[in-house]
Amino acid sequence: MSVNPFWENDLVATAAYYSVVVLCMVVFMAVFELVTKYNNWEEIKKGNVAVALATGGKMLGIANIFRFSIEANDTLLTTVGWGVYGFALLVFAYFIFEFLTPKFKIDEEISQDNRAVGFISFVISLGLSYVIGAGI
């Protein structure tokens with residue numbers, strides 16, 4: 001009996017992609033936690049809407065990159081590889097955003113619940129995830 005029919009089953013493949021993407025999402029959010037100067041989950045717990053927007057944008061951006069990666073690739077390993085690459089580009093965009101706003105610090109504004117900055121961060125993460133995804 002071949003193992004291939006098991007892995008070619010749509011239900012099994014969907015569960016596999018889902019499981020791997022959730023794991024990647026947890027790891028990637030931990031990386032973003034290290035990159036930002038504030039504690040995402042503590043700030044969200046306090047009701048900081050700007051942090052919630054920025055964090056939500058990152059999560060949506062990561063999920064969207066994986067959406068494109070799943071559609072464009074044949075294997076789970078290739079999908080993860082492109083997802084990791086897309087995530088690296090998203091992190092790079094975070095640093096570019098910080099660099100392009102020399103009049104204020106993005107992290108400080110978001111940690112102080114500046115919702116305008118949180119919203120722009122959300123839009124940048126989501127918007128660039130479409131650009132990254134199109135390249136995949």
Enquirer: Angle class for the F68/Y130 ring planes (parallel below 30°, perpendicular above 60°, tilted otherwise)?
Expert: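 F68 and Y130: perpendicular rings.
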Enquirer: Please check if the number of heavy atoms outside F97 that lie under 6.0 Å from its CZ is greater than 12.
Expert: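 Yes, because the 6.0 Å sphere around CZ of F97 holds more than 12 heavy atoms from other groups.
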Enquirer: State whether the side chain of S125 and the backbone N or O of S121 hold a donor-acceptor pair below 3.5 Å, judged by distance alone.
Expert: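 Flag set: sc S125 to bb S121 pair under 3.5 Å.
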Enquirer: For the residue pair F32 and F87, is the inter-centroid distance of their aromatic rings smaller than 6.0 Å?
Expert: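 Yes, ring centres under 6.0 Å apart.
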Enquirer: Suppose we screen for ring-ring contact (aromatic ring centres under 6.0 Å, His included). Which residues come up paired with Y94, at least two apart in sequence or across chains?
Expert: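 If we apply the ring-ring contact (aromatic ring centres under 6.0 Å, His included) test to Y94, skipping adjacent residues, there are no hits.
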Enquirer: Under a 4.0 Å threshold between the charged nitrogen and the carboxylate oxygen, would E42 count as salt-bridged to K46?
Expert: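 Salt bridge absent between K46 and E42.
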Enquirer: Side chains of N64 and S129: is there a donor and an acceptor less than 3.5 Å apart?
Expert: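 The criterion, which ignores hydrogens and geometry beyond distance, is satisfied for S129 and N64.
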Enquirer: Do I62 and V26 sit in the same hydrophobic cluster, where Ile, Leu, Val, Met, Phe, Trp and Tyr count as joined when their side-chain heavy atoms come under 4.5 Å apart?
Expert: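 Hydrophobic grouping puts I62 apart from V26.
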Enquirer: Under 4.5 Å between any side-chain heavy atoms of M25 and M59, yes or no?
Expert: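 Side-chain contact under 4.5 Å: yes.
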Enquirer: At their closest point, which heavy atom of N40 faces which heavy atom of K58, and how far apart are they?
Expert: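 Distance-wise, the nearest heavy atoms are OD1-NZ, 4.5 Å.
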Enquirer: Do the side chains of L89 and L128 get nearer than 4.5 Å, heavy atoms only?
Expert: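 When only atoms from C-beta onward are counted, L89 and L128 do not touch, as no gap falls below 4.5 Å.
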Enquirer: How close do Y38 and E33 get, counting heavy atoms only, and between which atoms?
Expert: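 That closest heavy-atom pairing would be O-OE2, 3.7 Å.
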Enquirer: Would you indicate whether the side-chain heavy atoms of V35 and F95 approach each other to under 4.5 Å?
Expert: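 Of all side-chain heavy-atom pairs linking V35 with F95, at least one is under 4.5 Å.
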Enquirer: Between I70 and V21, is any pair of side-chain heavy atoms under 4.5 Å apart?
Expert: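 SC-SC contact between I70 and V21 confirmed.
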Enquirer: In terms of hydrophobic clusters joined by side-chain contacts under 4.5 Å, are L23 and W82 together?
Expert: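 They do not share one cluster, since no chain of ILVMFWY contacts under 4.5 Å joins L23 to W82.
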Enquirer: Could you report the tightest heavy-atom contact between L53 and R115, atom names first, then the distance?
Expert: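 Taking L53 first and R115 second, the nearest heavy atoms are CD1-O, 3.9 Å.
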Enquirer: For the atom pair CZ (F119) and CD1 (I124), what is the distance rounded to the nearest 0.5 Å?
Expert: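 Spacing of CZ (F119) from CD1 (I124) equals 10.5 Å.
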Enquirer: May I ask whether V27 and Y85 are part of the same hydrophobic cluster, defined by side-chain heavy atoms of I, L, V, M, F, W, Y residues being less than 4.5 angstrom apart, directly or through others?
Expert: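 Both belong to a single hydrophobic cluster.
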Enquirer: Would you name the heavy atoms of I110 and A54 that are closest together and state the gap between them?
Expert: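 Taking every non-hydrogen atom into account, CD1-CB, 4.0 Å.
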Enquirer: Side-chain heavy atoms nearer than 4.5 Å, only ILVMFWY residues, links allowed to pass through others: does that put L126 and V123 together?
Expert: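 In one cluster: yes.
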Enquirer: Please report the interatomic distance CD1(I96) to OG1(T101), rounded to the nearest 0.5 Å.
Expert: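 Here the interatomic distance stands at 11.5 Å.
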Enquirer: Are side-chain heavy atoms of D113 and V49 found at a separation under 4.5 Å?
Expert: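 They are in side-chain contact.
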Enquirer: For residues C24 and V80, report the shortest heavy-atom separation together with the two atoms involved.
Expert: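 For C24 and V80, the tightest heavy-atom pair comes out as SG-CG1, 4.3 Å.
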Enquirer: Measuring from W41:CH2 to M29:CE, what's the distance to the nearest 0.5 Å?
Expert: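 Result: 5.0 Å between the selected atoms.
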Enquirer: I'd like to know if the side chain of S69 and the backbone of I65 have a donor-acceptor N/O pair within less than 3.5 Å.
Expert: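 A pair under 3.5 Å: no.
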Enquirer: In the single-linkage hydrophobic clustering (I, L, V, M, F, W, Y; side-chain heavy atoms under 4.5 Å), do F66 and Y18 co-cluster?
Expert: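 As far as the 4.5 Å side-chain criterion goes, Y18 and F66 are not connected within one cluster.
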Enquirer: To the nearest 0.5 Å, tell me how far K37 NZ sits from S111 OG.
Expert: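 One gets 9.5 Å once the value is rounded to the nearest 0.5 Å.
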Enquirer: State, with a plain yes or no, whether a side-chain heavy atom of N73 is found less than 4.5 Å away from one of I136.
Expert: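 Touching, per the 4.5 Å side-chain cut-off.
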Enquirer: Search all heavy atoms of E109 against all heavy atoms of F104 and return the closest pair with its distance.
Expert: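 Residues E109 and F104, closest heavy atoms: CG-CD1, 3.4 Å.
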Enquirer: Measure the CG-CZ distance between L60 and R67 for me, rounded to the nearest 0.5 Å.
Expert: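 Going from CG on L60 over to CZ on R67, the span is 11.5 Å.
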